[in-house]
Amino acid sequence: MSPELLKRFTQIQDSIWELPKAYRKAMKVPVRIIATRKLLEDLDDGAVDQAVNVASLPGIVGYSWMMPDAHFGYGFPIGGVAAFDAERGIISPGGVGFDINCGMRLMTTGLYIDEVRPRIKELVDELFKQIPAGVGVRGFVRISPSEFREMMVRGAGWVVERGMGFKEDLTFTEENGGVEGVDPESVSERAIQRGLEQLGTLGSGNHYLEVQKVDKIFNPQVASVFGIERENQIIVMFHCGSRGFGHQVGTDYLRIFEKAMNKHGIKIPDIQLACAPFTSPEGKRYFSAMKAGVNTAFANRQVIAHRVREGFNKVLGTKPEALRTVYDVSHNTAKLEAFDGRQLVVHRKGATRAFGAHTELPKPYQDVGQPVIIGGSMETGSYLLVGTQKAMQTTFGSTCHGSGRTMSRVKAKGMVRGETLQKEMQNRGIYVRSASWAGLAEEAGFAYKDIHEVIRSVELAGISKPVASFVPLGNVKG
Amino acid sequence: MPKFRFLPEIATADIAFEAFGKTERQLLKNAALALEEAMVDTKTVRRRTREILGLRNTDFPSLLFSFLEHLVFLKDAKQLLFREVRLGVEREGKSWILQGFAYGEKIDPQRHKLKIDVKAPTKHLFEVGKTKTGMLRAQVILDI
């Protein structure tokens with residue numbers, strides 16, 4: 001961050017910084033950033049500028065938040081949280097992201113390292129076969145457009161009914177794996193055509209599936225509630241979203257919203273902030289189509305969970321029911337949520353819901369808080385956190401979602417070859433299968449922020465607490 | 001002047017490129033090639049399928065943008081990647097019209113040197129203009 005911009009921030013408390021409303025005339029609320037001083041200083045001005053733009057949108061409430069993993073996005077920053085009054089405020093596809101309900105699932109396996117390490121290569125090779133990854137790949141599930149419509153209305157429940165998974169998977173998925181209120185008419189034919197053959201696929205970019213071991217347990221009591229009992233326990237974590245379907249919904253509605261803004265008299269500093277009043281016909285239609293994207297992503301991750309079980313069963317003979325979903329949570333959504341008695345449209349783009357003890361959570365978690373799954377870079381490991389009441393009071397029940405990139409893909413690719421990185425990682429005991437050498441190089445650990453510093457930031461701010469950390473043994477990369 | 005080049009300093013999590021052309025037609029072709037090259041080594045893609053292209057928009061930048069969106073759509077909906085486009089572009093009243101063909105084939109992870117999946121072109125820092133030497137130039141950030 002430039003010294004001039006840094007000077008405008010004041011520290012509110014440990015790891016919380018504020019850029020006042022007076023910074024720019026159009027701002028309706030201040031910007032607040034969750035970060036250690038180091039991460040604040042490393043944050044680029046462009047990303048802060050985007051949060052400033054968000055702070056000027058109609059109906060924004062509280063603060064325009066940036067999480068410690070924040071970086072430059074399009075329109076809204078990645079790692080941004082913004083809540084808008086449901087009556088007076090807006091909804092924006094740019095505040096959700098093209099990959100609607102991009103999210104994380106964490107599964108325990110009932111296995112320990114000694115059972116898996118000797119066969120990790122075979123296991124990862126099998127998972128690479130089971131879960132198609134990479135540019136434009138087709139999944140194994142063949143459905144008709146009318147079945148796709150049913151699926152996007154129902155979400156993961158539709159998948160479980162077809163024998164791919166268990167009812168418990170739904171219990172431990174945010175929103176039980178399906179949000180209500182999808183009007184199929186709000187979704188274009190193009191979106192359905194684009195997503196039709198992609199159910200059960202990982203995608204590429206920063207999407208991955210990892211076989212990990214529990215490295216450290218920070219909070220044994222909460223870890224046990226989440227099914228994490230001991231170090232060296234084997235878990236599976238994966239990261240993906242609504243694939244081409246969600247991307248097309250985003251594409252369609254950005255175009256619709258660009259036109260709608262004139263009609264609603266909304267002026268924005270960046271076209272990628274295109275938005276419409278939440279209560280307007282355009283706002284309602286996008287909210288419905290976005291929910292279809294949310295459900296499709298839950299369904300996608302449910303199919304992947306099923307394929308993971310098949311892979312473990314084939315290689316290690318593990319019974320499918322031994323692989324248990326700890327939680328499945330989104331980090332790209334807009335949700336209607338109540339805070340302090342107000343209905344708010346909470347946009348989380350590259351930010352995870354992090355509810356403290358809450359009746360909306362699965363019963364076993366209602367007293368401890370929501371599991372928050374934080375994927376680090378494939379080289380540095382990942383975290384399981386738990387949401388807090390402090391998050392409910394400050395960040396609309398939200399926290400970070402990952403490490404956050406610091407280096408561009410083109411630059412990272414210029415610094416290391418995918419083949420070299422794979423060998424280096426293998427020497428460190430991490431076996432990687434990737435659909436693309438270039439894609440692998442772009443995801444090198446040095447392209448990301450320090451995950452431990454990111455976690456320290458949210459812990460210091462009190463918006464989530466570390467439960468356990470994980471390190472990878474094997475990785476499937478798109 | 002290259003047909004296109006990727007820009008390492010612009011987009012952190014995404015991919016930015018600039019494409020050039022002496023004419024609108026050439027700029028459209030080169031921008032399409034840049035998009036395809038972000039997803040695959042286009043030298044590994046054969047000319048096995050011909051996809052008919054027909055798009056209309058209100059201005060040239062919008063036409064270019066919707067053309068890129070269409071190619072991204074074809075990558076997912078038909079699993080097609082392209083190595084070449086042949087097209088014509090003309091103005092009709094206030095509209096810009098693109099017609100032509102894209103040549104490529106179905107994605108084959110065994111044979112294609114795949115790179116990274118593109119979710120969408122974005123309007124962030126999207127520019128269509130002219131260079132100092134009078135070449136047409138487009139700058140596009142692809143959401144990854």
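Every value quoted in this text rests on a predicted model; they were computed, and no experiment measured them. To find a chain, count down the sequence lines: A is the first, B the second, and so on, and within it residues start at 1.
Contact count against chain A (heavy-atom pairs under 4.5 Å) is highest for B:V72 among B:L7, B:V72, B:V40. Heavy-atom pairs under 4.5 Å with chain B were tallied for A:E442, A:K413, A:Q248; the largest tally goes to A:E442. By number of non-hydrogen pairs under 4.5 angstrom with chain B, the leading residue of A:M407, A:Q272, A:E197 is A:Q272. Most heavy-atom pairs under 4.5 Å with chain A, from the set B:P8, B:A16, B:A38, B:P109: that is B:P8. Here A:T251 is the residue among A:D270, A:T251, A:L254, A:L196 with the most heavy-atom pairs under 4.5 Å with chain B.
For residues 111-130 of chain B, heavy-atom neighbours of chain A at less than 4.5 Å comprise B:L114, B:K115, B:I116, B:D117, B:V118, B:K119, B:A120, B:P121, B:T122, B:K123, B:H124, sorted by residue number.
Between B:E105 and B:R48 there is no salt bridge, since no side-chain N of the basic residue sits under 4.0 Å from a carboxylate O of the acidic one. A salt bridge links A:K129 with A:E126: the distance from a Lys NZ or Arg NE/NH1/NH2 to an Asp or Glu carboxylate oxygen falls below 4.0 Å. Taking 4.0 Å as the cut-off between side-chain N and carboxylate O, B:R56 and B:E90 do not count as a salt-bridged pair.
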Test side-chain contact (heavy atoms from CB on, under 4.5 Å) applied to B:L53 and B:F67, step by step = CA-CA 9 Å; B:L53 304 169; B:F67 179 38; 3.7 Å; yes
Evaluate side-chain contact (heavy atoms from CB on, under 4.5 Å) for B:Q26 paired with B:L136, printing each intermediate quantity in order.
-> CA-CA 9 Å; B:Q26 217 177 52; B:L136 287 168; over 6 Å; no
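Remark: B:R50 is positioned above the aromatic ring of B:F101, its terminal NZ or CZ atom under 6.0 angstrom from the ring centre and at most 45 degrees off the axis. In this structure, A:K349 satisfies the cation-pi test against A:Y74, with its NZ or CZ atom closer than 6.0 Å to the six-membered ring centre and inside 45 degrees of the ring normal.
For A:E443, no part lies near chain B; criterion is any non-hydrogen pair under 4.5 Å. Within the 4.5 angstrom heavy-atom criterion, only side-chain atoms of A:Q198, from C-beta onward, approach chain B. Interface remark: A:T406 contributes backbone atoms only to the contact with chain B (heavy atom separation under 4.5 Å).
Taking every heavy atom of both residues into account, A:A47 and A:P77 meet most closely at O-CB, 3.9 Å.
Applying the side-chain hydrogen bond (donor to acceptor under 3.5 Å, both in side chains) test between A:D69 and each of A:K449, A:H401, A:H331 identifies A:H401 as the sole match.
Under the 6.0 Å cut-off for aromatic ring centres, A:Y286 and A:Y253 qualify, their centroids lying closer than that.
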